[in-house]
There are 2 protein chains.
Amino acid sequence: MRSETAIRALGALAQEHRLAAFRLLVEAGPTGLAAGALAERLAIAPSSLSFHLAQLANAGLVAQVRQGRSIIYTADFAAMGALVGYLTENCCEGASCSSAVAMPAACC
Amino acid sequence: MRSETAIRALGALAQEHRLAAFRLLVEAGPTGLAAGALAERLAIAPSSLSFHLAQLANAGLVAQVRQGRSIIYTADFAAMGALVGYLTENCCEGASCSSAVAMPAACC
DNA sequence: TCGATATTTCAACAAATATCGAATCAAGGG
DNA sequence: CCCTTGATTCGATATTTGTTGAAATATCGA
């Protein structure tokens, strides 16, 4: 992953509503959620949500597909994994730096 | 880690110069780097760097200690690990979502 | 085709962010 | 005590970001 890509992904997640939206999509799994359902759960205006979803999509963190009148958004787990991988490799000395627990060498 | 903390950390890393600075500090390890050395390597004005380092410090990603006339910055690996952990737990369905490789269940 | 529903796009604006140069502060060396 | 060096703080300014309401687009059912 290029650092420019990582910056876009980090920026996309670095906002209250977008992080919350993405977490809801992760929770929803492959089924995803319609834009309207997200707006309702997040209690923000539909146009605001559109703005945020566009940023998440631009960063490649979510995918969208029209289903009837609704547009269903799903989290892109591969993209998220790539981001975590980038952070681990470039910002953690290549080790899984999650503090307490010791990790087997081949892991992460 | 609270989501507010995660947002601050994500926002701190979501900028070209700050991400580059943090990577240099990771590379430098526990020894760290002086502010001046960072500014020179990043080719930005000292005052700009101060602004960015303040954000990284506010997010808890770097620590600073005065050493003579210089101020030495070091990456906080525990904070970075906590961020990676947060993303893995909350945004990857608790699994290490790093795409290709299959991970043992107890891992990550 | 018409109307209702689901979303996005647009325009306008307030707020936050990034940048720089000048001024300020801290620590040493003469 | 002065002067130099390393770094931060302060203004000023340009850019980006987030929010909203109104208008436009797409789909479906009657």
Side-chain angles (χ1 to χ4, degrees), chain A residues 3-25 28 31-76, chain B residues 3-25 28 31-76:
Chain A
S3 72
E4 189 196 325
T5 311
I7 288 173
R8 265 214 299 274
L10 289 166
L13 294 173
Q15 208 275 342
E16 180 188 352
H17 296 321
R18 287 197 294 270
L19 182 58
F22 188 77
R23 289 181 64 177
L24 284 173
L25 291 179
T31 309
L33 283 173
L38 277 173
E40 191 180 3
R41 293 231 222 162
L42 297 172
I44 62 178
S47 57
S48 287
L49 181 65
S50 259
F51 170 79
H52 291 307
L53 287 175
Q55 304 225 3
L56 286 169
N58 177 255
L61 289 168
V62 303
Q64 53 193 314
V65 60
R66 176 172 284 276
Q67 188 172 316
R69 264 173 290 202
S70 299
I71 296 186
I72 308 294
Y73 283 85
T74 52
D76 186 324
Chain B
S3 72
E4 190 196 323
T5 310
I7 289 172
R8 265 215 299 273
L10 290 165
L13 294 173
Q15 208 277 343
E16 181 188 351
H17 296 321
R18 287 197 295 268
L19 183 58
F22 188 77
R23 290 180 63 178
L24 284 174
L25 291 179
T31 309
L33 283 174
L38 278 172
E40 192 180 3
R41 293 231 222 162
L42 297 172
I44 61 178
S47 58
S48 290
L49 180 65
S50 261
F51 170 79
H52 291 307
L53 287 175
Q55 304 225 5
L56 286 168
N58 177 255
L61 288 168
V62 302
Q64 53 193 313
V65 60
R66 177 173 282 277
Q67 188 172 318
R69 266 174 286 205
S70 299
I71 296 186
I72 308 294
Y73 283 85
T74 52
D76 186 323

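Per chain, numbering begins at 1; letters A, B, ... match sequence-line order.
Distance CD1 (B/Ile7) to P (C/dT17): 12 Å, rounded to an integer number of Å. Rounding to whole angstrom units, CD1 of residue B/Ile44 and C1' of C/dA18 are separated by 10 Å. For B/Leu38 and D/dT8, the CG to P distance is 10 Å, given to the nearest whole Å. If you take CG of B/Leu19 and P of C/dA18, they are 13 Å apart, rounded to a whole angstrom. Between the CD1 atom of A/Ile71 and the P atom of D/dT27 there is a distance of 9 Å, given to the nearest Å. Rounded to whole Å, the distance from CG on A/Leu33 to P on C/dA6 is 15 Å. Rounding to whole angstrom units, CG of residue B/Leu53 and C1' of D/dT8 are separated by 11 Å. Per the geometry, CG belonging to A/Leu56 stands 11 Å off P belonging to D/dG18, to the nearest Å.
For the residue pair B/Leu56 and B/Ala21, the shortest heavy atom distance occurs at CD1-CB, 4.5 Å. Scanning both residues, A/His17 and A/Leu42, for their nearest heavy atoms gives O-CD1, 3.9 Å. In this structure, B/Ser70 and B/Ala34 approach most closely via the heavy-atom pair CB-CB, 4.1 Å. Across all their heavy atoms, A/Leu38 and A/Leu25 have their closest contact at CD1-CD2, 3.9 Å.
A/Arg18 contributes a side-chain N or O that, together with a main-chain N or O of A/Ala12, makes up a donor-acceptor pair within less than 3.5 Å.
Of the candidate nucleotides C/dT19, D/dG6, C/dT7, C/dT19 has the atom nearest to the side chain of B/Ser48. Closest to the side chain of A/Arg69, out of D/dG29, D/dT8, C/dT8, is D/dG29. Listed nucleotides D/dT19, C/dT7, C/dA18 differ in distance to B/Gln15; the shortest reach to its side chain belongs to C/dA18. Of the candidate nucleotides C/dT19, D/dG29, D/dG18, D/dG18 has the atom nearest to the side chain of A/His52.
Considering only side-chain N and O atoms, A/Gln55 lies under 4.0 angstrom from the phosphate OP1 or OP2 of D/dG18. Of the side-chain N and O atoms in B/Tyr73, none sit less than 4.0 angstrom from OP1 or OP2 of D/dG6. The shortest distance between the side-chain N/O atoms of A/Gln64 and the OP1/OP2 oxygens of C/dT7 is not below 4.0 Å. Distances shorter than 4.0 Å separate some side-chain N or O of A/Arg18 from OP1 or OP2 on D/dG18.
Summarising the base pairing, D/dC28 is matched to C/dG3 through a Watson-Crick or G-U wobble pair whose two defining distances lie under 3.5 Å. Pair assignment for D/dG18 gives C/dC13, based on Watson-Crick or G-U wobble hydrogen-bonding distances that are each under 3.5 Å.
B/Ala54 comes within 4.0 angstrom of no nucleic acid atom, judged by non-hydrogen atoms across all strands.
Judged by closest nucleotide on DNA chain C, B/Phe51 is the one of B/Ser47 and B/Phe51 placed further toward the 5' end.
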